[in-house]
Amino acid sequence: MLKFATLMPEDGETTLPRRQPRASSKDLLVVILAAGQGKRMRSSVPKIFHPLAGEPLIHYPIQLARQLGARTTVVVHAVGQETLLAPLAQGLALVPQHRPLGTGHAVNQVPQALRAPPEVLVLYGDVPLLTLATARRLIQLRRRNDLDCALLVARMSDPTGYGRLVEESNGRVHIVEESEATPGEAAINLVNTGVCCFSGEALWPALRRVKKSSRTGEYYLTDVFETLERRGILPCDEDEAMGVNDRWQLAAAEAVLRRRKNRELAEAGVMIVDPASTYIDYNVTIEPDAVIHPFSFLRGRTSIGSRTRVGPFAEIDDCVVGRDCVIGRSQLTASVIEDGVDIGPFNRLRTGTVIAKRARIGTHAEIKNTLVGPESDIHHFSYLGDAVLGKGVNIGAGTVTANYNGVEKRRTLIGDNAFIGTDSTLVAPVSVGDRAYTAAGSVITDDVPADALAIERSEQREVPKWTQRRRSGPPSPDAGEVGVK
Ligand code: UD1
Ligand code: CA
């Protein structure tokens with residue numbers, strides 16, 4: 001067990017005298033370091049934009065900075081990432097680091113004009129699981145004891161890749177990066193999370209004193225820690241400390257976040273039947289008494305209403321799903337499902353679809369950019385694209401809207417209580433009036449007035465005794481006509 005003269009005991013309580021009153025979050029500058037190259041991801045996408053539980057990695061420290069109510073938040077980023085970052089970092093300062101010369105160099109990019117707040121919290125763009133409660137405890141620890149610096153540390157079951165906290169014989173502690181650690185130091189499992197709260201007065205001059213690492217040529221922020229006098233550490237959970245350097249760690253972080261999310265939802269009254277096989281993104285909302293069956297994926301900004309039953313094997317992306325719905329093993333994307341809708345298995349709802357109240361979608365339907373009116377039924381094997389259906393419409397099995405002529409998409413309008421016969425093809429642009437019928441097997445190319453029946457198919461004829469003739473001799477000419485060999 002290490003003993004740190006100037007460091008905090010494990011419970012986070014301080015023994016140092018209180019020297020200053022509580023500061024407010026308005027005195028806080030948050031610096032998010034996000035300019036690293038992320039080479040270990042082996043990806044053409046910069047690391048901070050890789051999705052974690054449906055949001056880019058950088059979303060998490062940005063959100064934390066917002067929740068902390070920092071007076072100023074600076075995102076230090078690599079050159080060329082401004083455009084992608086801008087929508088995520090609205091209201092924050094974006095500061096480029098022209099060359100990735102290390103974490104110390106990155107913090108030093110904060111312009112003088114933004115250095116006014118007396119307290120600086122450094123977050124890493126690739127440490128996404130830190131909770132608001134822990135960040136607040138770290139800030140409080142520094143404030144209560146007027147520390148130059150309070151560092152968040154964690155004991156990791158596998159410390160590979162992290163800077164280790166090494167105690168010198170004189171009792172001072174310093175952080176040794178893995179690349180520079182001796183085998184003995186590498187065996188230490190108490191690590192630097194990177195997250196650190198500084199007094200501005202101590203940080204900025206100390207940063208100027210940091211020297212280049214002779215091995216890597218980088219300026220390490222961790223070296224600042226060594227030069228400061230009044231230092232403290234706060235231990236946090238292993239999970240919160242996780243850094244994401246490669247895809248394997250990204251998947252591990254995703255697993256932690258997923259477990260947290262499922263638990264939060266369960267505690268709020270959502271029935272997650274099997275949390276281990278349920279994948280719910282960070283920003284999904286679900287009302288109490290909804291039931292999520294195994295192997296369901298709820299992604300993006302999806303919301304699910306109370307008492308709705310989802311899955312098993314449902315995949316829902318960016319949808320608004322109402323209350324009292326049933327969503328079977330279907331794939332729904334960017335659509336709105338109103339209350340009381342029943343969607344069976346093997347359906348695909350594509351972008352821009354609205355299914356109004358109490359409508360029913362049976363099986364094997366594909367619906368795109370279509371409004372299905374209330375209490376309408378689409379039972380089986382249909383394609384509806386760019387259509388508007390009124391209320392109480394019946395769509396027979398095998399109905400297809402021919403909405404695309406190879407050049408442009410065209411609309412199909414179907415009035416209230418219309419009845420579309422089985423295997424109808426509706427060649428858009430076309431409309432079927434209220435209460436009108438189309439006969440089974442019809443190809444409808446002209447508008448059908450309200451209350452009319454449209455029938456478009458050749459008359460049936462029978463060939464008497466055809467079967468006996470076929471079996472007893474060479475095929476008759478009639479058989480050829482009906483297409484039988
Ligand atoms: C860093 C720490 C290590 C700690 C670990 C925790 C240093 C020197 N090492 O190592 O002690 O245990 O995080 O996860 O701080 N960045 C820049 N500009 C740069 C370099 C990095 O903005 O020039 C950013 C990166 O985008 C990243 C963060 O700083 O968000 C950390 O950099 P990274 O290269 O991932 O450091 P680690 O090797 O993980
Ligand atoms: Ca890292």
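Both counts, for ligands and for their atoms, begin at 1 and track the order of listing. Every heavy atom of this structure was used, including side-chain atoms; hydrogens, water molecules and symmetry mates were not.
In this structure, Tyr60 has its ring center closer than 6.0 angstrom to the ring center of Tyr282.
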Could you tabulate the donor-acceptor pairs under 3.5 Å formed by side-chain atoms of residues 380-389, not counting sequence neighbours?
{"residue": "Ser382", "atom": "OG", "partner": "His380", "partner atom": "O", "Å": "3.4"}
{"residue": "Tyr383", "atom": "OH", "partner": "Asn403", "partner atom": "ND2", "Å": "3.3"}
{"residue": "Asp386", "atom": "OD1", "partner": "Lys368", "partner atom": "NZ", "Å": "3.3"}
{"residue": "Asp386", "atom": "OD1", "partner": "Asn369", "partner atom": "ND2", "Å": "2.8"}
{"residue": "Asp386", "atom": "OD2", "partner": "Lys368", "partner atom": "NZ", "Å": "3.1"}
{"residue": "Asp386", "atom": "OD2", "partner": "Asn403", "partner atom": "ND2", "Å": "2.7"}

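Close approach of ligand 1 to Asn245 is summarised as follows: ligand atoms under 4.0 Å from at least one heavy atom of the residue are 35 (O), 39 (O).
In this structure, Cys196 and Cys149 have side chains that are in contact, with non-hydrogen atoms separated by less than 4.5 Å.
Note on the Ca ion (ligand 2): protein N/O/S atoms under 3.0 Å are Asp126 OD2, Asn245 OD1.
Residue contacts with ligand 1: Glu177 is included, with a non-hydrogen atom under 4.0 Å away. Judged by the shortest distance from any of its heavy atoms, Val191 lies outside the 4.0 Å radius around the atoms of ligand 1. Not a single heavy atom of Lys39 sits less than 4.0 Å from an atom of ligand 1.
If you look at Gln97 next to ligand 1, the close heavy atoms, those under 4.0 Å, all belong to the side chain. Looking at Met156 against ligand 1, nothing comes within 4.0 Å, counting heavy atoms. At a 4.0 Å heavy-atom cut-off, ligand 1 touches Leu101 through the backbone alone. For Ala35, heavy-atom contacts with ligand 1 shorter than 4.0 Å involve the backbone as well as the side chain. In Asp126, the parts holding a heavy atom less than 4.0 Å from any atom of ligand 1 are both the side chain and the backbone.
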* To do: Give the intermediate values and the outcome of salt bridge (Lys or Arg N to Asp or Glu O under 4.0 Å) for residues Arg164 and Glu180.
  => CA-CA 10 Å; Arg164 316 293 208 280; Glu180 294 166 11; over 6 Å; no
* To do: Evaluate salt bridge (Lys or Arg N to Asp or Glu O under 4.0 Å) for Glu366 paired with Arg350, printing each intermediate quantity in order.
  => CA-CA 7 Å; Glu366 173 161 333; Arg350 290 165 52 197; 2.6 Å; yes
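Electrostatic pairing of Arg263 and Glu267 counts as a salt bridge here, judged by a charged N lying under 4.0 Å from a carboxylate O. Salt bridge status for Glu315 with Arg299: present, with a side-chain N to carboxylate O gap under 4.0 Å.
For ligand 1, the polar-atom distance check finds an N/O of Thr103 within less than 3.5 Å of one of the ligand's N/O atoms.
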